[in-house]
2 protein chains.
Amino acid sequence: MSVADRKAREKEALKMLILKGAKKLFIEKGIEQTTIRNIADEIDYSVGTVYVYFKDKNAILHDLHSIGFQELGGYFKELFSIEDPMERLRKMGFIYIKFALENQEMYDLMFNLKAPIEFLTNCDNEDWNEGTTTFGALKETVHQCMQKEHFKGHTLEPLTFMIWSLVHGMCCLEIRQRTKGVKFNNPDTILYDGYNEFLKIIEKL
Amino acid sequence: MSVADRKAREKEALKMLILKGAKKLFIEKGIEQTTIRNIADEIDYSVGTVYVYFKDKNAILHDLHSIGFQELGGYFKELFSIEDPMERLRKMGFIYIKFALENQEMYDLMFNLKAPIEFLTNCDNEDWNEGTTTFGALKETVHQCMQKEHFKGHTLEPLTFMIWSLVHGMCCLEIRQRTKGVKFNNPDTILYDGYNEFLKIIEKL
DNA sequence: TTAAAAAATGAACATTGTTCAAAAATAAAA
DNA sequence: TTTTATTTTTGAACAATGTTCATTTTTTAA
């Protein structure tokens, strides 16, 4: 191993350290409430160093948003072993909501904040690979459901988007505290009453 | 009319002027990109004056979020004349999406931003009247649908929340630019392909 | 041991929301 | 009308933020 190799590894390590510190603070005190100085303090480096490794705050948020998608992938792992696509779709909905509620700041970053998308636009990058891949996974399962004679009369792409919108809408309203006027039976609102109604709906399609 | 009355009227007028200026700038250049100084400049007053009429930026955002709900109410007006609840529900979905797409910054403020809710919390106000009222209107229509034997096997409150989540989810993903990976047929994506699929879904419930 | 290259630093800048003593404008009193 | 009291408006000043960059420190190569 050359010195250049080690340097590259160290560079990568420090980049990860910054991201790890940032994520910790984001979860602890919220993304908006976390400053670059906070992040630098957290890992005992100076502000300037953070800017050596990241172009700006959006770059940090974008990288962390990608990490969020990796983590969602981890949640989704257990789905691979489910043969029946309808059963997989049901579980997928549950896991999606669970992930959103257990990782609210990360979910917000992945699907709501402007920063990650702004970063892509700034880099002249039209595509949003993380989202497209996840959407593709859902679409594949819906496709298999349709092959088994479910969802008659629906079109794959828009229907997939509807299912995504349904669970995303729930999570979004909950995370942004717009569910105050909704009277649920269960204390753990979305994950029980919401999810149950979601099950009823896809059953009828 | 006493002097005190006139003063009260003038005070109210200036408050409205500030809100009007703020709204104009929000729509023109985005909420995050608009500063208090911008708003003050827009209406030819000083920064300090803005703070005489509003406690802080959140107070402006909250009042503007309320105005947004009034405007949504304006969009909803034509629904009153529709007798058939199912037909009314369908039109309601269309108008909701239309409002969201035509007033993206306002929609964001009403249903996504933290500011209006933070303002309520700061005032020790637990309730979110604007949202609860709008949710109530949707719930009433869904209730009438159920009385006409639609939506068998569903529960009013959670089902209403599902329908809201569905349209909100679509609008949210579109406004926050998360629909890049979804291939629609129509150029006006959500309002046609999305809405059509929404129609198919509520038809089957 | 020394010179060159790389990495880390933190003071400095522009911009933000916010405050508040002072100034200006208005109303009430003499 | 003139003076006093009250209300309204002002903008300089403050702390906090994202960001930059000349300087210092550390590491590598000679």
Side-chain angles (χ1 to χ4, degrees), chain A residues 1-19 21-22 25-26 28-64 109 113-116 118-119 121-123, chain B residues 1-19 21-22 25-26 28-64 109 113-116 118-119 121-123:
Chain A
M1 281 296 161
S2 72
V3 173
D5 283 344
R6 202 203 66 223
K7 287 236 168 177
R9 251 181 297 129
E10 281 175 355
K11 237 184 128 174
E12 193 59 27
L14 184 43
K15 202 167 178 176
M16 285 306 177
L17 186 68
I18 294 171
L19 288 173
L25 294 176
F26 286 170
E28 264 178 30
K29 45 187 263 179
I31 292 174
E32 283 173 23
Q33 282 66 44
T34 302
T35 71
I36 305 286
R37 283 171 183 81
N38 288 337
I39 297 170
D41 280 354
E42 172 72 23
I43 58 172
D44 295 318
Y45 275 89
S46 72
V47 218
T49 304
V50 176
Y51 278 91
V52 171
Y53 291 84
F54 292 94
K55 198 179 113 281
D56 53 21
K57 202 180 181 185
N58 275 359
I60 298 177
L61 291 174
H62 173 267
D63 277 19
L64 225 42
L109 185 54
L113 294 206
K114 291 175 178 172
E118 260 172 18
F119 176 80
T121 314
N122 257 35
C123 298
Chain B
M1 281 297 158
S2 74
V3 173
D5 283 344
R6 200 201 67 222
K7 289 236 168 176
R9 252 181 295 129
E10 281 174 355
K11 236 183 129 175
E12 192 59 26
L14 184 43
K15 202 166 179 178
M16 285 307 177
L17 185 68
I18 293 171
L19 288 173
L25 294 176
F26 287 170
E28 264 177 32
K29 44 186 264 178
I31 291 175
E32 284 172 26
Q33 280 66 43
T34 302
T35 72
I36 306 285
R37 283 171 182 81
N38 288 338
I39 297 170
D41 280 354
E42 172 73 24
I43 58 171
D44 295 318
Y45 275 88
S46 72
V47 218
T49 304
V50 175
Y51 278 90
V52 171
Y53 292 84
F54 293 94
K55 201 179 111 276
D56 52 21
K57 202 181 182 184
N58 275 358
I60 298 177
L61 291 174
H62 172 268
D63 276 19
L64 227 39
L109 185 55
L113 294 206
K114 290 175 178 170
E118 261 173 17
F119 176 81
T121 315
N122 257 37
C123 299

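In what follows, chains carry the letters A, B, and so on, assigned in the order in which the sequence lines appear, proteins first and then strands, with residues in each chain numbered from 1. Everything quoted here is computed from the prediction, not taken from an experiment.
- For the pair B:Glu118 CD and C:dG17 P, the computed distance is 14 Å after rounding to whole Å.
- We find that CD of A:Glu32 is positioned 15 Å from C1' of D:dG18, with the value rounded to whole Å.
- Atom P of nucleotide C:dA8 and atom CG of A:Leu17 are separated by 11 Å, given to the nearest angstrom.
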Protein-nucleic acid N or O pairs under 3.5 Å, nucleotides 24-28 of chain C:
from, atom 1, to, atom 2, distance (Å)
C:dA27, OP1, B:Arg6, NH1, 3.3
C:dA27, OP1, B:Arg6, NH2, 2.2

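- In this structure, B:Ile18 atom CD1 and D:dT9 atom C1' are separated by 11 Å, rounded to whole Å.
- Side-chain N or O atoms of A:Thr49 include none that pairs as donor or acceptor with a backbone N or O of A:Tyr45 at under 3.5 Å.
- What separates CD1 of B:Ile36 from P of C:dT15 is a distance of 17 Å, to the nearest Å.
- For A:Ile31 and D:dG18, the CD1 to P distance is 13 Å, given to the nearest whole Å.
- Contact check, B:Tyr51 against C:dC20: no side-chain N or O comes under 4.0 Å of OP1 or OP2.
- Among the atoms of the strands shown, none is found under 4.0 Å from any heavy atom of A:Phe54.
- Contact annotation: the side chain of B:Asn38 never approaches that of B:Gln33 to less than 4.5 Å [non-hydrogen atoms, C-beta and beyond].
- One interatomic measurement links the two molecules: NZ of A:Lys55 to P of D:dT20, which rounds to 9 Å at whole-angstrom precision.
- Residue-level contact check: B:Leu14 touches the backbone only, with heavy atoms under 4.0 Å from sugar-phosphate atoms and none from bases.
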What N/O pairs connect the protein and nucleotides 10-12 of chain D at under 3.5 Å? Give each pair on its own line.
from, atom 1, to, atom 2, distance (Å)
D:dT10, OP2, B:Ser46, N, 3.0
D:dT10, OP2, B:Ser46, OG, 3.3
D:dT10, OP2, B:Thr49, OG1, 2.8
D:dT10, O5', B:Ser46, OG, 3.4

